[in-house]
2 protein chains.
Amino acid sequence: MSLIVQKYGGTSVGTIERIEGVADKVAAFRAEGHDIVVAVSAMSGETNRLIGLAKEIQDQPTPRELDVLVSTGEQVTIALLCMALNKRGVPARSYTGSQVKILTDDAHNKARIKSIDEKHIRADLEEGRVVVVAGFQGADEHGNITTLGRGGSDTTAVALAAALKADECQIYTDVDGVYTTDPRVVDRARRMDKITFEEMLEMASLGSKVLQIRAVEFAGKYNVPLRVLHSSQDGPGTLICTDEEVEMENPAISGIAFTRDEAKIMVKGVPDSPGIAYKILGPVSDANIEVDVIVQNFGDDQSTDLTFTVHRNDFIKAKTIVEATAKELGAREVLTDDTIAKISLVGVGMRSHAGIASRMFKALADVNINIEMITTSEIKISVIVDEKFLELGVRALHTAFDLDAPAEA
Amino acid sequence: MSLIVQKYGGTSVGTIERIEGVADKVAAFRAEGHDIVVAVSAMSGETNRLIGLAKEIQDQPTPRELDVLVSTGEQVTIALLCMALNKRGVPARSYTGSQVKILTDDAHNKARIKSIDEKHIRADLEEGRVVVVAGFQGADEHGNITTLGRGGSDTTAVALAAALKADECQIYTDVDGVYTTDPRVVDRARRMDKITFEEMLEMASLGSKVLQIRAVEFAGKYNVPLRVLHSSQDGPGTLICTDEEVEMENPAISGIAFTRDEAKIMVKGVPDSPGIAYKILGPVSDANIEVDVIVQNFGDDQSTDLTFTVHRNDFIKAKTIVEATAKELGAREVLTDDTIAKISLVGVGMRSHAGIASRMFKALADVNINIEMITTSEIKISVIVDEKFLELGVRALHTAFDLDAPAEA
């Protein structure tokens with residue numbers, strides 16, 4: 001018998017019928033003798049409906065009151081799920097974030113969990129109840145309702161699992177696990193049985209949007225085994241855990257992430273002087289624009305070229321800022337390209353395997369893809385290529401690094 | 001400068017536009033220098049929508065979880081109203097019942113308020129804020145969310161006014177005050193400027209459904225001046241207050257209440273023996289049926305006739321029970337009539353005026369209305385008549401007791 005925390009997202013509880021389905025699932029787990037704590041999101045569409053009401057009144061709703069408003073979404077779900085469990089003869093009790101209490105800081109709309117008082121939950125589990133907790137919400141030290149920001153229900157589940165020292169935290173989604181890359185791009189993408197927290201972070205932040213980044217960070221920090229599962233299909237899903245548990249079976253590369261959401265800005269022929277990168281990127285950062293890949297090359301004429309990428313949504317704003325800076329600095333020209341894509345190899349095995357980079361570059365050269373930028377980290381190598389080569393590049397790499405699933409019999 | 005508690009019901013906050021209207025009203029009061037605490041209901045239709053979701057799962061939803069569910073209705077309204085106030089430059093802060101905290105007993109779905117901790121509210125008022133409290137809800141001593149039952153927002157407002165020793169509790173409704181009788185029946189019904197708590201209780205319980213009975217009881221107990229006002233029209237409304245404040249201008253009769261919701265059951269020729277009324281009415285009461293008017297007459301043959309009325313919804317059930325009992329007791333027959341109506345004169349002045357009853361009976365006799373049953377209390381005389389004479393009887397009494405408004409010029 002183990003203690004399991006399960007999280008069901010908005011789609012999984014989007015209708016009364018689906019809530020009944022979740023109740024069936026929870027009841028079945030409990031029948032196997034497990035202690036179950038469930039974290040749920042608002043029914044799909046509900047959070048947007050509530051925000052819509054607020055925006056009819058204020059373009060920028062008062063943050064404290066917005067939290068009071070949207071936190072009702074999960075409160076509705078916890079009550080309905082408990083009713084569905086009770087109907088099945090399963091004793092269950094609901095808790096809002098305030099009731100637990102899930103203590104957060106006071107940063108309304110994007111609060112962070114500081115601690116969880118698990119005593120009520122433990123008492124209920126000891127009395128044989130399933131405990132259903134509203135995800136995405138908490139309360140600050142003064143009892144003001146807070147929310148963790150979009151997708152925060154994953155974080156709630158992981159934080160509950162950490163506080164309760166649960167055996168596993170199961171995140172039910174609309175996919176059956178984490179794949180080596182996007183199956184819509186590569187037919188033979190494979191579901192991974194295991195992946196490390198670090199790899200998952202790189203996969204998630206690079207566009208495989210299965211889990212909230214903060215939830216994965218949290219799970220890694222507190223060493224909570226995290227499993228991604230399909231909410232309506234059976235299967236083992238993907239377990240996200242520590243290096244040690246994954247290592248032995250670890251290939252050099254675990255997966256391939258990619259994104260089309262970037263744009264490139266190149267400042268050419270800037271007279272070289274100390275702090276040139278800061279002079280160009282400082283104003284961009286001051287405008288709250290995140291910069292991703294940065295590459296600086298020395299030219300042959302005492303000048304330098306600086307190239308960086310930003311999210312495509314920020315492209316026009318960043319371009320305007322950089323053009324002004326470039327003029328001040330006497331740069332030769334500013335070139336831009338918003339039809340680029342980024343492909344990243346991710347794998348903790350990379351640390352111990354030399355030659356991953358050259359193998360990657362060869363695989364891309366073999367299909368005549370020109371690499372525009374390169375950036376590397378401990379467990380990741382990313383390249384920027386022309387957007388039109390994205391699918392071709394991902395497929396070539398997926399094969400080159402032996403990630404393809406065996407052909408169907 | 002005074003402290004005013006205002007309550008706005010579901011219709012008054014039924015749309016974003018109406019919430020903005022309430023915000024205008026509150027802002028105007030505050031501009032006059034008053035301290036304002038507002039209690040609000042769920043947006044009209046919302047509570048029924050939520051109960052509908054619950055009933056899709058359980059015919060009899062788990063009471064604790066039903067409270068968690070429906071309490072979200074008012075929570076949405078408090079947040080939206082605060083946003084609307086903030087937009088107008090009025091600082092405001094929302095509180096759920098749990099946050100205040102409004103301590104109740106643990107009778108889910110029909111909890112009673114035990115105490116209100118007013119310290120947060122006072123602190124906010126001192127800092128110049130409008131305080132917006134979710135009506136209809138509270139929390140028990142363990143922090144479980146409770147609701148006061150339908151219409152409980154009036155009670156919340158009165159309890160807040162009592163705890164804060166407010167100068168007045170204003171209940172905004174869709175009528176401009178309490179009338180001498182239903183204006184739909186009597187054209188010349190008059191709005192009363194003042195009415196006593198006791199009279200209001202009799203008027204409310206007899207069908208002039210302007211205010212929740214419990215709210216009036218509470219206001220009377222704690223001597224909170226209560227004013228009924230129209231939420232979108234200007235006017236003084238009706239002040240509900242103590243005898244002393246009303247007395248001097250007091251006519252014998254303040255108003256005429258009536259109801260069509262009753263049915264009559266007559267057990268004739270029961271062999272007379274001690275406890276006969278209990279033997280007949282005990283089983284009715286055991287079935288949770290409320291009995292209203294009861295009259296017992298001795299026949300001339302050692303037998304007795306017992307007649308009583310019940311709510312028309314309970315008529316068939318009560319009739320079945322009574323027919324069985326009557327058979328056991330050897331009664332001659334059971335007669336029933338579900339086309340009756342009750343008309344009641346209400347007035348604290350009745351205590352000091354002899355002859356009200358005979359004046360009433362004469363007025364009805366003058367228009368040939370036969371009285372089927374009579375019952376009296378300190379400040380009320382009720383008669384049961386054939387339903388078809390209801391309007392005629394009310395109009396005749398309204399004129400006979402000088403309640404008619406002056407004819408229009």
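Treat the numbers as computed from the prediction; the structure is a model and nothing was measured. Every chain is numbered from 1, with letters handed out A, B, ... down the list of sequences.
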Looking only at side chains, do B:Gln75 and A:Thr72 share a donor and an acceptor under 3.5 Å apart? no
Is atom CZ of A:Arg112 surrounded by more than 12 heavy atoms (other residues, nucleotides or ligands) closer than 6.0 Å? no
I'd like to check A:Leu66 versus B:Met83 (side-chain heavy atoms, cut-off strictly below 4.5 Å). Are they in contact? yes
Approximate separation, where rounding is to 0.5 Å, of B:Cys82 SG and A:Leu69 CG: 11.0 Å
Flag yes if more than 12 heavy atoms outside B:Asp286 fall under 6.0 Å of its CG atom; otherwise flag no. yes
Heavy-atom distances under 4.5 Å only: say whether B:Ile78 touches chain A with side chain, backbone, both or neither. both
With a 4.5 angstrom heavy-atom cut-off, is it the side chain or the backbone of A:Leu50 that approaches chain B, or both, or neither? side chain
At a 4.5 Å cut-off on heavy atoms, which part of B:Glu56 comes close to chain A: side chain, backbone, both, or neither? both
In Å and rounded to the nearest 0.5 Å, what is the CD to CD1 distance from B:Glu17 to A:Ile57? 11.5 Å
Taking B:His142, B:Arg64, B:Glu20 one by one, which has the highest count of heavy-atom pairs under 4.5 Å against chain A? B:Arg64
Could you check which of B:Leu53, B:Val70, B:Ile19 has the highest count of heavy-atom pairs closer than 4.5 Å to chain A? B:Leu53
To the nearest 0.5 Å, what is the distance between CG (B:Asn86) and CD (A:Gln60)? 13.0 Å
Rounded distance [0.5 Å steps], CG in B:Asn144 versus OH in A:Tyr95: 7.0 Å
Pick one of side chain, backbone, both or neither for A:Ala139, based on which atoms fall under 4.5 Å of a heavy atom in chain B. neither
Heavy-atom distance under 4.5 Å between the side chains of A:Leu81 and B:Glu65, does that happen here? no
